[in-house]
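This one's a predicted model, so the numbers in the text were calculated from it and none came from an experiment. A note on names: the letters A, B, ... follow the listed sequences, proteins ahead of strands, and every chain is numbered from 1.
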Protein chains: 2
Amino acid sequence: MTITSNQHQAGDLHFLKRLNRSAILEMVRRTPGMTRADIATRAQLTKATVGGGVQTLLKQGWLVEGELLKSSGGRPGRALHLNDHRHVLLGAEVSVHGLQVIACTLSGKTLHQRHIRMAPDAPDTTAEALAGLIREVIDHPELNERQLLGLGVALPGPIAPDRPLLHLAPNLGWRDVWFLDLLRAELPDLGGRWLLDNEAKAAAFGELYFRTDKTPESLLYVSASTGIGSGIVGGGHWPLVTRGTHGLAGEIGHTVLQPGGLYCHCGNRGCAETLVSGWALRAALGVGEEEDLVDTLLHRLQEPEVAMALKRAGEALGTLLLNLHHTLDPAEIVLGGSLTRLGTPLLTPALEYFTANQNRLLGTTQQRPLRIIDDSTFTAARGAAAEVLANTIHATA
Amino acid sequence: MTITSNQHQAGDLHFLKRLNRSAILEMVRRTPGMTRADIATRAQLTKATVGGGVQTLLKQGWLVEGELLKSSGGRPGRALHLNDHRHVLLGAEVSVHGLQVIACTLSGKTLHQRHIRMAPDAPDTTAEALAGLIREVIDHPELNERQLLGLGVALPGPIAPDRPLLHLAPNLGWRDVWFLDLLRAELPDLGGRWLLDNEAKAAAFGELYFRTDKTPESLLYVSASTGIGSGIVGGGHWPLVTRGTHGLAGEIGHTVLQPGGLYCHCGNRGCAETLVSGWALRAALGVGEEEDLVDTLLHRLQEPEVAMALKRAGEALGTLLLNLHHTLDPAEIVLGGSLTRLGTPLLTPALEYFTANQNRLLGTTQQRPLRIIDDSTFTAARGAAAEVLANTIHATA
DNA sequence: CAGGGTAAGTAAAAAGATTGAACATACCAC
DNA sequence: GTGGTATGTTCAATCTTTTTACTTACCCTG
């Protein structure tokens with residue numbers, strides 16, 4: 001994302017006009033079908049101002065007028081919608097399992113998506129392969145005539161908060177990679193904004209941003225895959241991802257759940273990843289790198305050793321969720337990553353522990369909304385695309 | 001705090017003017033001695049706009065002109081400073097050990113402070129006692145003629161994020177208390193803004209806000225006392241405290257550090273508080289409620305049992321710090337609370353574990369700034385006062 | 001089915017904020 | 001002392017929002 005707002009905000013009249021236009025656009029995006037009058041009420045602006053702003057946005061092709069709403073006593077309002085046919089967003093992800101590319105509209109509707117399985121490879125080779133996949137997606141007829149707003153790329157590791165640099169991706173074997181530069185060399189003519197983000201942070205952002213019903217005020221995404229990561233997004237006006245000073249926020253795989261426990265590849269002992277992660281399960285159950293971990297385990301569920309390992313991992317996952325819940329208190333939790341495909345053997349212990357303990361503090365009975373994404377293949381890529389849109393609206397509109 | 005920013009920001013010309021005035025005021029607050037020209041450059045406004053804004057702020061008594069700076073080739077600029085003599089901020093804290101009240105200037109300079117030791121009591125009785133203490137502080141000659149901007153109150157428990165309601169303070173035995181209402185009944189004529197916040201969140205805010213040298217972009221405050229709490233504050237423009245949907249963010253005392261460990265009073269097992277907290281140390285070492293825990297332990301340091309208990313607690317604290325570091329990646333960490341008075345027997349194991357493991361992920365050698373407050377008696381009260389100022393500037397200026 | 005009532009959206013004048021350009025001020029170096 | 005440079009102020013110009021009509025459009029009532 002990298003929305004620059006270090007300094008204290010001050011602005012001129014142009015800034016104000018942009019601000020108001022962004023507010024209008026964001027409102028219509030979040031609540032499709034709003035009328036000019038609705039917007040004026042909610043934004044505390046006059047009808048005239050909103051009318052003017054809407055006209056510009058219509059002319060620029062961001063909005064379209066929809067049906068006439070039924071009257072509430074007087075002249076009926078005209079519904080406003082995002083123009084979902086003019087633009088396209090691109091999102092991509094490099095994961096341990098392969099490459100994902102998605103093209104979607106402003107409202108997050110998928111136009112086309114591609115996914116290829118691929119073992120981790122060097123950054124430049126990967127960039128070349130990803131560029132090929134991106135080209136294939138762009139050439140799809142669904143994208144015809146649409147204007148590209150940009151490309152977001154998600155990677156499985158911490159990204160510098162102020163520049164598009166991947167610090168480290170242990171499961172890819174990458175370190176200090178300027179991945180967008182490599183990609184730019186392959187796709188010199190691809191326009192729009194480009195940005196790089198961590199996989200879980202992008203996913204978290206997308207899950208919150210592409211929501212038309214009640215948007216939660218904050219959302220935690222936990223990605224359980226080869227490694228464990230998370231992203232927290234929240235904060236009223238423009239959703240903002242917590243990144244931390246070095247982009248390490250959310251690297252929960254190395255929070256300690258078991259002091260003095262097993263050694264982790266990071267060198268410390270008892271990290272969450274030693275208890276619940278793809279690599280820990282492989283190590284514990286002897287699944288080789290050439291096999292698909294989830295498929296293999298799903299076929300070995302009746303082995304007591306496997307069942308027990310998944311149960312233990314599930315409990316650790318539940319503990320991890322509980323700790324995050326107490327540390328961040330998000331309005332909603334979404335659980336994704338390849339390990340969710342393991343289903344109840346892993347998830348039931350996790351959810352049981354979490355639901356049993358989440359309300360210890362206040363003694364309430366309200367359950368925290370927790371959603372599990374069964375197939376999160378394109379979640380991060382979609383989130384990266386969402387970030388492109390948010391950035392564009394913030395800067396342009 | 002409760003800065004209302006749920007809706008998408010939009011604004012009129014008044015809003016813009018206020019925004020720019022706030023920006024000017026905040027800049028001068030953070031960097032005393034700035035000239036109008038400096039501000040114009042940094043805020044990307046014209047000299048004329050800044051000049052106008054500064055004049056209003058001078059007339060309103062927020063700013064004062066200072067010395068003439070030395071010329072950099074042309075006419076020397078006039079230094080601007082916060083007017084530290086016109087206003088006063090009040091901060092108060094109800095802790096397990098007693099009551100604290102502080103009066104300070106806009107720059108955070110203490111004018112007067114009072115502290116009385118007191119065992120936990122019922123909310124209304126406590127409000128009465130606190131009101132008495134506040135009256136004493138107000139009557140102090142140092143506060144003569146100063147205009148009161150408001151009162152911030154810090155309590156040791158989660159506060160509702162949208163209204164001044166204390167949900168629960170286990171160590172005071174309070175639940176669902178509208179403490180400001182109780183206090184208002186005792187102090188009907190005390191003017192300005194009143195606000196309520198969690199003790200650790202207020203402390204975190206104050207530690208970041210009342211800083212004139214390089215302000216870190218985010219700060220984590222960990223409060224180790226009878227219970228364990230924390231507050232994280234960050235985010236460029238206006239520092240914002242992470243509160244969570246139910247105000248539970250930062251309630252790290254009940255993150256699980258030892259699955260299957262000791263039972264906690266919350267009902268769960270292995271919570272951080274069972275390993276490092278005032279009440280856990282009392283329970284483990286048989287220190288009665290009538291004794292001061294820290295004083296008692298400082299006299300019993302040579303007992304192997306005590307030394308070992310402090311070492312274990314310290315290691316748990318280190319683990320807690322490490323987990324927070326990996327979850328939130330704050331630019332700076334501040335450790336406070338009554339337990340810091342225990343000194344090296346507790347803190348050395350904590351710091352050793354933290355420094356040894358904080359850079360496992362990236363393999364860097366940079367140490368995260370970590371400051372320990374030896375005497376944090378007034379830290380939370382001061383922070384609550386800081387929140388009053390931030391709120392006032394945000395709304396008024 | 002005509003007419004009043006109500007609310008949505010638009011147009012033009014008025015109000016208000018920032019900018020731009022010119023000007024006054026103040027120090028320094030030669 | 002004079003020229004140079006940068007700070008800070010003044011005032012007309014510019015731009016954006018508001019204010020105040022006014023038009024449009026539907027519903028309900030008689």
Side-chain angles (χ1 to χ4, degrees), chain A residues 7-25 27-28 31 33-60 63-81 397, chain B residues 7-25 27-28 31 33-60 63-81 397:
Chain A
Q7 295 300 333
H8 280 263
Q9 192 57 271
D12 57 7
L13 293 159
H14 277 90
F15 164 81
L16 185 62
K17 194 169 192 176
R18 272 214 319 278
L19 188 76
N20 288 344
R21 270 211 303 270
S22 299
I24 293 170
L25 192 48
M27 277 190 186
V28 174
T31 318
M34 283 183 95
T35 66
R36 294 166 174 80
D38 292 337
I39 298 171
T41 311
R42 292 253 300 258
Q44 305 236 59
L45 294 172
T46 59
K47 292 185 295 180
T49 310
V50 174
V54 167
Q55 248 171 4
T56 334
L57 291 169
L58 286 170
K59 206 174 297 171
Q60 292 178 344
L63 297 180
V64 285
E65 289 191 315
E67 70 286 5
L68 225 55
L69 299 177
K70 60 168 180 285
S71 159
S72 57
R75 169 176 172 177
R78 176 72 67 178
L80 295 170
H81 295 275
Chain B
Q7 296 300 333
H8 280 263
Q9 192 58 272
D12 56 8
L13 294 159
H14 278 90
F15 163 82
L16 185 62
K17 195 169 193 176
R18 272 215 317 280
L19 188 76
N20 288 343
R21 270 211 303 270
S22 299
I24 293 171
L25 192 48
M27 277 189 186
V28 175
T31 317
M34 284 185 94
T35 66
R36 294 166 175 81
D38 293 337
I39 298 171
T41 311
R42 293 252 300 257
Q44 305 236 58
L45 295 172
T46 59
K47 294 185 293 180
T49 309
V50 174
V54 166
Q55 248 172 4
T56 338
L57 290 169
L58 286 169
K59 207 174 297 170
Q60 291 178 345
L63 296 181
V64 284
E65 288 191 317
E67 72 285 6
L68 225 54
L69 298 177
K70 61 166 180 284
S71 160
S72 57
R75 170 176 172 176
R78 176 72 68 178
L80 295 169
H81 295 276

Take the C1' atoms of the five end pairs on each side of the helix from C:dC1-D:dG30 to C:dC30-D:dG1, derive the two axes, and give their angle rounded to 10 degrees.
0°
Given atom CG of B:Asn20 and atom P of C:dG16, what is their separation to the nearest angstrom?
17 Å
I'd like to check the side chain to side chain donor-acceptor pair (under 3.5 Å) partners of B:Glu65; sequence neighbours left out, ordered by chain and number.
B:Arg36
Looking at the side chain of B:Leu13, which of D:dT9, C:dT19, D:dT17 is the nearest nucleotide?
D:dT17
Does the side chain of B:Thr35 get closer than 4.0 angstrom to OP1 or OP2 of D:dT7 through an N or O atom?
no
B/S/- contact track for nucleotides 20-30 of chain C, protein heavy atom under 4.0 Å:
B---BBBBS--
Just how far, in rounded Å, is P of D:dT16 from NZ of B:Lys17?
18 Å
Note: A:Met27 and A:Met34 closest approach over all heavy atoms is O-SD, 3.6 Å
Nearest-Å distance for atom pair CZ/C1', residues B:Arg18 and D:dT17
15 Å
Expressed as a whole number of angstroms, how long is the span from A:Asp38:CG to C:dA7:C1'?
12 Å
Residues two or more places apart in sequence or in another chain: which of them pass side-chain contact (heavy atoms from CB on, under 4.5 Å) with B:Thr56?
B:Arg21, B:Gln60
Determine the contact category for B:Ser72: base if any of its heavy atoms lies under 4.0 Å from a base atom, sugar-phosphate if only primed atoms, P, OP1 or OP2 are that close, otherwise nothing.
sugar-phosphate
Heavy atoms only: give me the nearest A:Ala10-B:Leu45 pair and the separation to one decimal.
CB-CD1, 3.8 Å
Which whole-number value in Å describes the distance from B:Phe15 CZ to C:dA15 P?
24 Å
Partner set under side-chain contact (heavy atoms from CB on, under 4.5 Å) for A:Ala79, not counting sequence neighbours
A:Glu67, A:Leu69, A:His81
What's the NE2-P distance between A:His14 and C:dA17, to the nearest Å?
18 Å
Any side-chain heavy-atom pair from B:Leu19 and A:Phe15 closer than 4.5 angstrom?
yes
Integer-rounded Å distance: C:dT19 C1' and B:Gln44 CD:
14 Å
Looking at residues at least two apart in the chain, or sitting in another chain, which of them share a side chain to side chain donor-acceptor pair (under 3.5 Å) with A:Asp38?
A:Thr35
Do B:Leu80 and B:Ile39 have side-chain heavy atoms sitting under 4.5 Å apart?
yes
Residue mapping more 5' on DNA chain C - nearest nucleotide basis, A:Asp12 or A:Gly51
A:Gly51
Is there a side-chain contact between A:Leu13 and B:Leu13 (heavy atoms, below 4.5 Å)?
yes
Separation of C:dA15 P from A:Leu16 CG (nearest whole Å):
20 Å
